[in-house]
Amino acid sequence: GETITVQELAEKLKKTAAEVIKKLMNLGVLATINQEIDFDTAALIAGEFGVEAELKVAVDKEALIMAEPEDDPAQLVPRPPVVTIMGHVDHGKTSLLDAIRQTNVTAGEAGGITQHIGAYQVEHNGKKITFVDTPGHAAFTAMRARGAQITDIAILVVAADDGVMPQTVEAINHAKAANVPIIVAINKMDKPEANPDKVKQELTQHELVVEDWGGDVIAVPVSAKTRMGLDNLLEMILLVAEVNELKANPNRRARGTVVEAELDKGRGPVATVLVQNGTLNVGDTIVVGHAYGRVRAMIDDKGRRVKKAGPSTPVEILGLSDVPEAGDILVVVEDEKLAREVAEKRQMRKREEILKATAKISLDDLFKHI
Ligand code: GDP
Ligand code: MG
């Protein structure tokens, strides 16, 4: 969360640090002048001094732009589920993603899928499903570290000829920790040595009991190779989505999360963003982590230029000042000056952190699992 030092807060409130420390003590918080306190506490102290509610937001510009106004329930409409594929290496995550994607190539798009933007949407029975094809582990770890959650449903791929393996268990634990429902895809069913019962038995050791064994976990036998069971898998995803009543408000400023980003030689910083709420428009002023800018162009997963992107839509955006990081949150800001100010403050903070860090895991390390 956002923090502010006691000294900074005192300055903003036009009080002495001693006065602020005293108020903190009244709240049972022992603080020194240079101590960082969180925004909620700062707001509480501001309130203690009789500062109005609006003023407390001005205490921190960053908190101001990141604030997420509550949606009017009447404005909420169903949105497509966002699905991440997880599982042990070589169990078929990439193959499954590719197979689902190809199955959904319509005649008009045939051959048109040259674009790779890290996430894509398919349609099944007239309903959309968004697949994020960053490796599940990275999506969970990198993104959760930043407090971002992009996944509604986790597909746990387990190869029927191999069974539950260490990364399968890791994936189960990640999904459980994030409280994300799991659908098991028992893959490689085309292989003669496929043994789905062994997979189901092993899953029970990790508290995943499949439906035909009396539990509530949906397991779908599939083959990424022959495409057997893919329709059924999509069906089950939509079923789980329906049960979870996923909703968003398209009629507000967009908020989203970066799935991946890079510096493109010709186009400059390019970020693939999953819009999670609101609608992102070309021309919007945005802050994305330590980057900011105006959305100059947006490209969808089919390589088409689009002018707007609504909830659960993955889109590639151009026009940023810098390359953001996977997991960074995108917000739309009315005021361009404010956008730059916040981004620059973050850049400074980031530089300090880099100087401090002795060893830093590169994104490549983080994303090497797929
Ligand atoms: P990932 O590491 O989980 O992304 O796995 P890949 O998608 O790269 O697949 C690993 C290997 O398994 C590749 O050689 C695939 O061709 C193969 N594979 C994936 N799915 C199937 C399947 O359904 N049947 C068969 N026979 N092979 C598969
Ligand atoms: Mg892979």
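Whatever order the structure lists ligands and atoms in, that order sets their numbers, starting from 1.
Residue-level proximity to ligand 1 for Lys191 is carried by the side chain, the only part with a heavy atom below 4.0 angstrom. When non-hydrogen atoms are compared, ligand 1 lies under 4.0 Å from the backbone of Lys188 as well as from its side chain.
One option in Asn187, Val157, Asp90 has a heavy atom closer to atom 20 (N) of ligand 1 than any other, and that option is Asn187. By heavy-atom distance, the residue among Ala160, Ala99, Ser95, Ser223 lying nearest atom 6 (P) of ligand 1 is Ser95.
Paired with Arg349 under the rule side chain to side chain donor-acceptor pair (under 3.5 Å), one option of His290, Glu344, Glu62 passes, and it is Glu62.
Considering backbone and side-chain N/O atoms, Val222 never comes within less than 3.5 Å of an N/O atom of ligand 1.
With contacts defined as side-chain heavy-atom distances shorter than 4.5 Å, the pair Ile150/Val132 qualifies.
Residues passing the side chain to side chain donor-acceptor pair (under 3.5 Å) test with Glu36, sequence neighbours excluded: Thr3. Annotation: side-chain contact (heavy atoms from CB on, under 4.5 Å) contacts of Glu193 (sequence neighbours excluded): Asp161, Lys191.
In this structure, Leu239 is a member of the same hydrophobic cluster as Val220, with clusters built from ILVMFWY side-chain heavy atoms closer than 4.5 Å.
Counting the atoms of ligand 1 from 1 in the order shown, those under 4.0 Å from a heavy atom of His88 are 3 (O).
Under a 4.0 angstrom heavy-atom cut-off, Met189 registers as lying outside contact with ligand 1.
A salt bridge does not link Arg294 to Asp284: none of the charged nitrogens lies less than 4.0 Å from a carboxylate oxygen.
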